[in-house]
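Step one of this worksheet: look at the structure below.
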6 protein chains.
Amino acid sequence: MIYLTRRERFCAAHRMFREDWTDEQNQKVFGKCSNPNWHGHNYELWVTVKGEPSSELGFVININVIKQIIQERIINKIDHKNINIDVDFMQGKIATTENLAVAIWNELRPFIEKEGAWLHCVKIAETENNTIEYYG
Amino acid sequence: MIYLTRRERFCAAHRMFREDWTDEQNQKVFGKCSNPNWHGHNYELWVTVKGEPSSELGFVININVIKQIIQERIINKIDHKNINIDVDFMQGKIATTENLAVAIWNELRPFIEKEGAWLHCVKIAETENNTIEYYG
Amino acid sequence: MIYLTRRERFCAAHRMFREDWTDEQNQKVFGKCSNPNWHGHNYELWVTVKGEPSSELGFVININVIKQIIQERIINKIDHKNINIDVDFMQGKIATTENLAVAIWNELRPFIEKEGAWLHCVKIAETENNTIEYYG
Amino acid sequence: MIYLTRRERFCAAHRMFREDWTDEQNQKVFGKCSNPNWHGHNYELWVTVKGEPSSELGFVININVIKQIIQERIINKIDHKNINIDVDFMQGKIATTENLAVAIWNELRPFIEKEGAWLHCVKIAETENNTIEYYG
Amino acid sequence: MIYLTRRERFCAAHRMFREDWTDEQNQKVFGKCSNPNWHGHNYELWVTVKGEPSSELGFVININVIKQIIQERIINKIDHKNINIDVDFMQGKIATTENLAVAIWNELRPFIEKEGAWLHCVKIAETENNTIEYYG
Amino acid sequence: MIYLTRRERFCAAHRMFREDWTDEQNQKVFGKCSNPNWHGHNYELWVTVKGEPSSELGFVININVIKQIIQERIINKIDHKNINIDVDFMQGKIATTENLAVAIWNELRPFIEKEGAWLHCVKIAETENNTIEYYG
């Protein structure tokens with residue numbers, strides 16, 4: 001079994017808050033991350049797939065295929081967008097990196113399995129100090 | 001003459017657009033950076049000051065002094081904020097990194113000169129690929 | 001299950017040696033790392049905790065809580081210190097990164113479990129080339 | 001059990017292609033990576049070994065020993081070389097990073113086990129965006 | 001005056017040698033960099049342009065314009081290529097990073113001046129330890 | 001004129017203090033950096049030399065020559081050492097990065113000029129946030 005990881009990046013605005021709370025309540029729990037006028041990040045996204053390299057090509061999966069899947073399913077929808085407002089797969093969810101990792105996993109998984117590989121991990125760094133990993 | 005550089009970071013939302021243009025005009029010139037619902041970045045800020053190290057302490061300027069100036073004058077005002085809406089020193093300006101570098105220079109300069117050093121450069125990286133420098 | 005990783009940094013002096021050996025014996029086994037006048041590093045520390053994100057907040061653990069635990073229990077005790085002399089949880093141990101990772105694990109674990117999450121990994125980079133991981 | 005990772009780097013040329021295919025066929029499958037005049041990379045290699053730190057020294061394995069094994073068995077053979085032509089352990093294989101990771105695993109394993117530790121992972125980054133891991 | 005820097009990357013093979021020398025002579029002067037079967041690098045390229053930001057847009061130059069110039073004039077010609085054989089602007093030159101920086105300067109300058117900005121610096125990192133800068 | 005930069009690294013202990021002051025006075029001015037039991041850093045050192053590339057070789061200076069000069073004159077004396085105690089060229093000086101940059105400049109300059117190039121800049125990063133540059 002071989003693990004292949006592709007890094008992609010996206011820049012997005014977000015806000016962590018519950019709609020059913022006041023700004024004061026949100027500020028108390030989510031702190032500066034709940035600023036009502038939004039803030040944003042340069043997110044880094046690592047998608048790890050696993051499989052056996054084919055004896056014909058020596059690949060787990062053609063890197064151009066995995067790039068294209070991530071581009072179409074994730075980057076085109078979230079890059080230079082507002083995660084809370086613009087991103088279909090985050091509707092109705094609190095815009096934490098935890099929820100984002102799970103949502104990206106669910107978006108990518110069927111398309112990667114269709115290519116004969118398994119999705120192993122979705123990892124997202126929000127800043128150079130804060131990272132989330134989800135393994136399904 | 002010695003040059004001392006302090007790196008700080010801030011996360012902010014912004015949008016590049018002219019208020020006197022339609023969304024279509026803004027989209028044509030500023031592209032995805034003009035998304036009406038904002039996007040954001042992890043900005044890196046490098047502030048370079050210059051001076052002669054004192055023979056008594058061997059410092060151009062005490063690093064804790066420069067940290068505090070940048071924290072109070074810039075980071076507290078812009079970190080986890082919306083550059084277009086929340087930041088006093090960016091009011092009425094297009095939120096390009098060029099304009100941001102000039103504005104930060106103007107904010108910092110008097111406080112650094114008060115400490116007996118000269119401001120040499122304000123450098124801002126918006127992404128790992130795009131960087132702006134301003135030398136006054 | 002979601003994994004959240006927080007990076008922190010500390011700068012410290014240390015020396016690798018056994019007190020019951022001569023400088024020559026220590027030099028032979030630990031090489032330049034046993035310099036009697038000490039040397040030092042910018043250590044990077046990654047603490048990974050795991051848990052299920054709460055449906056109420058979408059968090060494994062509030063990032064400010066994990067930051068504060070690491071700050072109080074580790075960074076305040078080791079940053080700008082001598083690991084062999086100044087750090088209570090390293091007393092009587094050879095100051096290898098292996099022993100440091102185990103000691104930090106033992107310091108952090110009860111405080112993280114008190115918050116309802118599990119400690120998953122303590123990772124320490126001594127230089128950009130040498131890294132240690134401990135999973136308990 | 002403790003995990004120790006050593007990073008090394010090497011610069012090498014390679015080409016991804018099947019000898020039994022035409023340049024056109026190779027171009028169709030491997031794209032720009034099949035350029036007949038070669039291209040190259042600054043590869044980063046992380047070798048992770050695991051074991052119990054000895055109570056006498058506090059080491060999983062002396063870092064100088066693992067450095068020397070990687071240097072002699074891998075770096076001396078592949079750094080500033082052509083992976084397809086010059087590297088004995090890649091003869092007859094398609095020069096994908098997947099195949100390279102497996103081959104490096106097989107080269108290193110007996111020498112690390114001779115030192116009383118276990119090889120845990122061989123990880124290779126071909127670019128800052130593409131990484132392969134192999135765990136045996 | 002504002003300085004804007006765009007980073008791009010390319011992967012290429014090369015060999016440092018003089019055609020009028022024997023392999024032994026080349027080996028003596030250029031060392032492992034003269035391997036007759038080539039080696040390669042992940043080059044990083046920083047192109048810095050300078051100018052006054054327009055009051056209308058707040059830009060020195062539209063980042064998409066500078067990206068496109070570097071892509072068409074440099075990256076399309078050198079990425080996943082052999083610098084000695086495949087790159088028109090390096091024909092007849094020793095493939096040192098010094099010569100590469102000067103050649104890239106000469107390729108880019110007219111196209112950047114056509115956009116109303118000045119080329120300030122071409123910087124190339126061959127490895128994380130070796131970097132070349134050229135200011136014209 | 002071409003600028004060539006070589007990066008090297010060293011790990012060292014130090015303490016910022018004046019011998020003619022009490023620990024309390026030192027603590028007040030130098031803060032945690034004056035810890036009497038030392039602390040330490042992974043320093044990064046960038047040495048920039050400038051010159052015209054020779055038409056015969058296309059080099060400003062052979063990279064192996066500059067590597068060897070830095071290794072012999074600086075790294076061998078300071079790596080895994082105590083800057084205050086062990087390093088001859090820092091005797092009698094406060095161990096600030098400012099003073100270190102000037103001292104390294106003075107050590108390197110004659111040996112680089114002997115090779116027909118000019119020393120342009122000595123840059124030292126003490127942490128990822130604090131950097132010093134000296135241009136003579």
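First the proteins, then the strands, lettered A, B, ... as listed; each starts at 1.
Arg6(C) CZ: more than 12 foreign heavy atoms inside a 6.0 Å radius. In this structure, Arg109(C) places its CZ atom where only 12 or fewer heavy-atom neighbours from other residues, nucleotides or ligands lie under 6.0 Å away. No more than 12 heavy atoms of other residues, nucleotides or ligands sit less than 6.0 Å from atom CH2 of Trp118(C).
For the set Asn84(C), Asn42(C), Asn82(C), the entry with the most heavy-atom pairs within less than 4.5 Å of chain F is Asn42(C).
For residues 13-40 of chain F, a heavy-atom distance under 4.5 Å to chain C picks out Ala13(F), Lys32(F), Cys33(F), Asn35(F), Asn37(F), Trp38(F), His39(F), Gly40(F), given by residue number. Of residues 123-136 of chain F, those residues lying under 4.5 Å from chain C by any heavy-atom pair are Glu126(F), Thr127(F), Glu128(F), Asn129(F). Among the residues in residues 59-69 of chain F, none has a non-hydrogen atom closer than 4.5 angstrom to a non-hydrogen atom of chain C.
Within the 4.5 angstrom heavy-atom criterion, only side-chain atoms of Asp79(C), from C-beta onward, approach chain F.
Within the structure, salt bridge (charged side-chain N to carboxylate O under 4.0 Å, His left out) pairs that include any residue of residues 41-60 of chain F comprise Arg7(F)-Glu44(F) (at least two apart or interchain).
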